[in-house]
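Sequential numbering from 1 along the given sequence is applied to the chain's residues.
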Amino acid sequence: MKKRCLTLFLALVLASVSLMGCTDKKTESSSSSHDSSSAASTSSVAEPSAGVTSDVSSEPSSESSAEISSEASSESSDSKQTFQQFADGDYKDVTAETAHAEITLSGSSAVLSDTTRGSSSEGVVTITSKGIYHVTGSGENISIVVNDDQESGNVYLILDNVTMDNTSAPCIDVEACDKLIIQCVGKNSLDFRNTDESVKKDGAIYAKDDVTINGSGTLNVTSALNGIVCKDDLRITDSTLTVRSDAIGIQVEKSVRVGGGTIAVYCNRDGVHLKGEDNDSFFYFEKANMTIVSGYDGISVKAGNDKKDFTGYVSLNGGILDITTASSAGASASKDRSISQKGIKTDGQISITDTELSVSAADDALHGESDIRILSGTLILASGDDGITASGNLTIDGGSVTVSQSYEALEATNVTINGGEIRLTSSDDGINCSGGSDTTSDDDNPWNSGSTDASLTINGGNIYVNATGDGLDSNGSIYVTGGTVIVEGPVANDNGALDKGDGNGCVASITGGTVLAIGSSGMAVNFDSGTQCSALVSLSGNEGTVISVNDGSGFTYTATKSFSSVVYSSPGMSQGNTYTIQAGSSSATMDFTDSLYYSEISGGPGGPGGFGGPGGPGGQGMLG
């Protein structure tokens with residue numbers, strides 16, 4: 001009996017302990033779940049909350065939460081990306097009525113109305129705390145210094161019809177703050193006349209922390225050295241900003257983010273120059289109208305350290321951007337090999353969406369040491385060297401791309417065209433995959449020799465190429481799966497309308513789309529792989545000659561230059577049939593009775609029609 005009771009007692013104790021353990025685990029699990037949920041919730045809103053909190057801490061207490069909520073909503077309404085790029089009051093309007101202090105300029109005098117927020121002495125006003133400061137008047141050798149070493153919140157500087165000049169120090173000097181937001185009201189001008197290039201503070205606006213420029217007014221910045229220098233992030237979200245400088249227009253270490261306004265930069269060196277030690281500098285652009293006229297590069301985004309570790313980029317996401325290099329001479333200038341005069345240059349990637357981009361450059365119009373992607377927009381490019389150069393991949397998904405002048409229009413290791421309206425004019429190759437012989441820009445040529453791994457892929461779009469050299473040139477393979485491609489290639493016999501690599505495995509393949517490639521006959525080649533009929537015929541014509549084909553497509557084209565060979569392929573032709581191609585009063589027969597590929601011309605080395613390809617030894621031969 002005692003043993004049985006003892007056994008029962010022990011069982012009850014063990015059950016109790018087990019139940020307590022379960023309860024503890026359940027409680028712990030519930031607590032952990034709650035904490036995790038809270039953390040996830042905090043994470044999901046951390047970015048907008050941080051921006052709004054910062055605004056609250058730096059603005060009048062009378063501002064309502066509804067206004068703050070409205071600001072957050074307006075900033076995030078367009079896209080998550082927009083909100084990430086612009087926050088912390090970048091688009092916010094503040095007024096003189098809500099100012100915490102007045103700064104009055106008069107001659108060589110500058111006075112701060114509230115000395116609890118800083119000091120003023122001998123033409124220098126020093127701001128030491130967050131808040132809104134309303135600046136008026138005109139002053140000579142005046143500096144406004146922001147030095148809130150506690151970084152307690154945003155400092156708003158309302159420039160209200162202000163004129164400032166200084167022969168020794170920056171007009172606005174940011175030593176430390178959370179962020180300086182310059183709001184422009186009326187007409188304002190800052191003139192920095194120091195010509196000593198050895199000075200450390202070498203801009204009319206010189207900032208060690210973040211700066212935002214907005215407002216409905218204008219701001220004219222003139223400098224004998226650099227215009228605006230920022231060691232952190234520079235955002236421009238509104239205002240009419242004009243920068244004129246004898247050196248760099250806008251020099252920034254971390255990022256330049258343009259989200260609105262009308263901006264013009266005129267300078268003798270780079271228009272916008274980014275380079276930082278963190279190796280992640282970037283230029284972001286949307287919703288603005290910006291003009292750059294520069295002596296050197298229009299926009300330059302460079303690695304601060306090893307290019308291989310660079311994560312920076314150029315991202316254009318709407319608006320109008322117009323760039324001219326070589327001090328307004330643009331593409332008509334003779335390239336100066338001692339300097340870089342590219343339109344947009346970066347050690348990272350370039351992406352373009354919904355942007356009207358015009359570039360006239362003595363050097364490459366667009367130059368990326370990584371990949372370049374064009375999703376949409378309108379690009380009008382003229383270059384004294386290459387139109388678009390990418391060391392990695394160049395992808396065009398849509399939009400309109402016109403290269404009106406270039407040495408080589410498109411150049412990359414791999415070029416892929418998925419859509420868009422593309423018109424290319426070049427004095428050498430129209431499209432060159434893996435570099436080719438970039439003899440005019442050997443200082444920036446990313447290829448030491450051609451790679452047979454390179455490829456040109458055309459999946460769609462309407463493409464026109466007018467080239468003095470090769471029309472479509474790949475050191476590897478060419479693949480056409482769709483779209484309409486018109487190539488007016490070389491007149492001289494040392495190049496061809498089409499040119500593929502001569503390595504093992506290099507092919508010119510067509511499985512869809514319509515291709516007309518006219519040019520000289522000395523190195524003419526045909527497609528040699530795929531599922532669609534293609535012909536290379538000996539047919540001559542001149543400017544104004546109309547080319548037509550009886551394949552049922554109704555295809556016609558009027559040539560703008562002389563030619564002696566024609567490559568034609570379309571979905572309307574099939575194996576087992578013959579077709580006629582007409583050029584003015586002359587014609588040729590395309591005979592696909594026994595093959596998908598028909599060639600009348602023995603082409604150059606490595607291409608179809610040469611060294612055993614169709615139309616070469618053992619091929620169709622010349623028609624008599």
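Between E488 and Y557 there is a side-chain heavy-atom pair separated by less than 4.5 Å. Two residues are said to be in side-chain contact when any heavy atoms from C-beta on lie closer than 4.5 Å; I458 and T481 fail this criterion.
Note on residues 376-403: no pairs pass ring pair (Phe, Tyr, Trp, His ring centres under 6.0 Å), not counting sequence neighbours. The salt bridge (charged side-chain N to carboxylate O under 4.0 Å, His left out) pairs that include a residue from residues 289-305 are D297-K345, where partners are two or more places apart or lie in different chains. Screening residues 390-405 for salt bridge (charged side-chain N to carboxylate O under 4.0 Å, His left out), with sequence neighbours left out, gives R373-D397.
Atom CG of D594 has 12 or fewer heavy atoms from other residues, nucleotides or ligands within 6.0 Å.
When only modelled atom types and interatomic distance are considered, S255 and R257 share a side-chain donor-acceptor pair under 3.5 Å.
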Please list, one pair per line, the donor and acceptor atoms closer than 3.5 Å that link side chains of residues 572-580 to other protein atoms, with sequence neighbours excluded.
from : atom 1 : to   : atom 2 : distance (Å)
S574 : OG     : N577 : ND2    : 2.8
Y579 : OH     : S574 : N      : 3.0

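Ion pairing of D363 with K335 is present here, as a side-chain N (NZ or NE/NH1/NH2) and a carboxylate O approach within less than 4.0 Å.
Not counting sequence neighbours, the partners of F555 by the ring-ring contact (aromatic ring centres under 6.0 Å, His included) test are Y568. Applying the side chain to side chain donor-acceptor pair (under 3.5 Å) test to T593 and every residue at least two apart in sequence or in another chain returns D591.
Between S391 atom OG and H367 atom NE2 the span is 5.0 Å, to the nearest 0.5 Å.
Between Y597 and F527, a ring centre-to-centre spacing not shorter than 6.0 Å is recorded.
Between F282 and Y313, the ring planes lie parallel to each other; the angle is under 30°, not in the 30° to 60° tilted range.
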